[in-house]
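Contents: one structure, followed by commentary.
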Amino acid sequence: VADLSTSYLGLKLKKPIIAASSGLTDNLKSLQEQLKKNDAATIILKPIFEDEITHEYEVLTSEAGSIGYNAEHMDYFDYQIREKNLLKYTELIKNAKKELSIPIIASINCYSTHEWEYFASNCEKSEADTLELNIFSTPTNFGIKSDIIEDRGRYLQIAEKIISKTNIPITLKISPYFSNLGSIIQQLSTTGIKGLVLFNRFFGSDFDIDKLELCSSYVFSNSDKIAQSLKWTSTMSNKVECDLAASTRIDGGETVIKQLLVGTSTVQLATALYQNRTEHIRTILSTLGNWMDQKNFKNIAMFRGKLSQTESSNPDIYDRIQFMKFFSGKF
Ligand SMILES: Cc1cc2nc3c(=O)[nH]c(=O)nc-3n(C[C@H](O)[C@H](O)[C@H](O)COP(=O)(O)O)c2cc1C
């Protein structure tokens, strides 16, 4: 029987399937009854968001302002709300660690530098095995040049700062929206982080034509969405100094095999777990195991990265993106 274990961020995982952060990973009941029971190797908790805490504070202060509280009271509310949310999150980490006996990955999303540090140190103190930084904010200030964001910019500063202040493995879950994506991936990989997740998927907006207002778009991914992470995992594998984890539209055993073939160490799933229920993890693992047996691969190391660009005898073909007849055959 094939050995499905893999190494990720220095952790030895029994399988390569990770439950990505989502509503399925924000409470102990779902972690226990849905994910652990169905063989997730590790779980990434839904992030604690600085934004959400700020929003709660703003709602409270607008109510409190109208009944005459002063600035000192407001500071106190700010402190209380933040501590209450952090306590709830760190309790979830501690309980998940105690009850699940698999590695638990905490996750944070902040915008102010001091909060990144403070949240990270709280996750470390609660004994999260590793920490995923969900870094992205929409650049709405069009006066900021892209090099301020990318080249030695904010992403690198946050990564370096947190690495210098914590002792647990740090991963970054990034978006594909950079002008020179390969360059930023390489730069980030040299900061001391242990892994990069390619890529985060964001909540999109849509517009309601009856109510004439903004609404949320479809939250799940579509099958064409896998192409981007496959492309960039295959391109960057062996060119970075950390592990790669693939994410977005990994919906079954075949897509897991493809991602491993192009060089990922693990895969993160969300949509497939909502759409096919969490039992789907077992089906995926069985497809992977059967395929490995068929191909006579005794372990994942025997085929991981075989289809990456650096292993190819024709690496240039990986960079073609135009619909030329030569490459697409008939179209
Ligand atoms: C319902 C739902 C909620 C999610 N919430 C978060 C979140 O809070 N933080 C985060 O980093 N990613 C979140 N994600 C993104 C997933 O962690 C993951 O990166 C992405 O969904 C993977 O693609 P997939 O849905 O095609 O598997 C969410 C995804 C879904 C479907």
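Hydrogens, waters and symmetry mates are skipped; everything else that's a heavy atom, side chains included, is used. We're numbering straight along the sequence, starting at 1. Not measured: the values here are computed from a predicted model. Just so you know, ligand 1 is whichever comes first in the structure, and atom 1 is the first atom listed for that ligand.
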Subject >> Sub-4.0 Å heavy-atom approach of Y274 to ligand 1 >> reply: yes

Subject >> Heavy-atom nearest neighbour of atom 13 (C) of ligand 1 within options A245, A272, S229, S21 >> reply: S21

Original post:
Considering only the protein, which heavy-atom contact is closest to atom 31 (C) of ligand 1, and what is its distance?
Top reply: R201 NH2, 3.5 Å

**OP:** May I ask you to identify, for K173, whether its side chain, its backbone, both or neither come under 4.0 Å of ligand 1 on a heavy-atom basis?
**Re:** side chain

Subject >> Pick from S247, A19, S223, G23: the one approaching atom 22 (C) of ligand 1 most closely through a non-hydrogen atom >> reply: S247

Original post:
Is any N or O atom of S22, backbone or side chain, closer than 3.5 Å to an N or O atom of ligand 1?
Top reply: no

Subject >> Proximal atoms of ligand 1 relative to T271 (non-hydrogen, under 4.0 Å) >> reply: 24 (P), 25 (O), 26 (O), 27 (O)

Original post:
Taking both backbone and side-chain atoms of Q268, is any N or O found less than 3.5 Å from an N or O belonging to ligand 1?
Top reply: no

**OP:** Would you please determine whether P47 falls within less than 4.0 Å of ligand 1 on a heavy-atom basis?
**Re:** yes

Original post:
Who's the nearest protein heavy-atom neighbour of atom 11 (O) of ligand 1, and how far?
Top reply: N134 ND2, 2.7 Å

Subject >> Residue portion contacting ligand 1 (non-hydrogen atoms closer than 4.0 Å) for T248 >> reply: both

Subject >> Side-chain H-bond candidate by donor/acceptor type, S112 with E50, under 3.5 Å >> reply: yes

Original post:
Linking Ile, Leu, Val, Met, Phe, Trp and Tyr by side-chain heavy atoms under 4.5 Å, what else ends up with I44?
Top reply: Y8, L9, L11, L13, I18, I105, V197

Subject >> Sub-4.0 Å heavy-atom approach of F49 to ligand 1 >> reply: yes

Original post:
Can you name the residues that form a salt bridge (charged side-chain N to carboxylate O under 4.0 Å, His left out) with K84, not counting sequence neighbours?
Top reply: E56

Subject >> Atoms in ligand 1 with a heavy atom of A20 nearer than 4.0 Å >> reply: 16 (C), 17 (O), 18 (C)

Subject >> Subset of ligand 1 atoms that lie under 4.0 Å from at least one heavy atom of S221 >> reply: 24 (P), 25 (O), 26 (O)

Original post:
Do the rings of Y177 and F202 sit parallel, tilted or perpendicular, given the 30° and 60° boundaries?
Top reply: tilted

**OP:** Please answer whether the main-chain N or O of N167 pairs with a side-chain N or O of E124 as donor and acceptor at a distance below 3.5 Å.
**Re:** yes

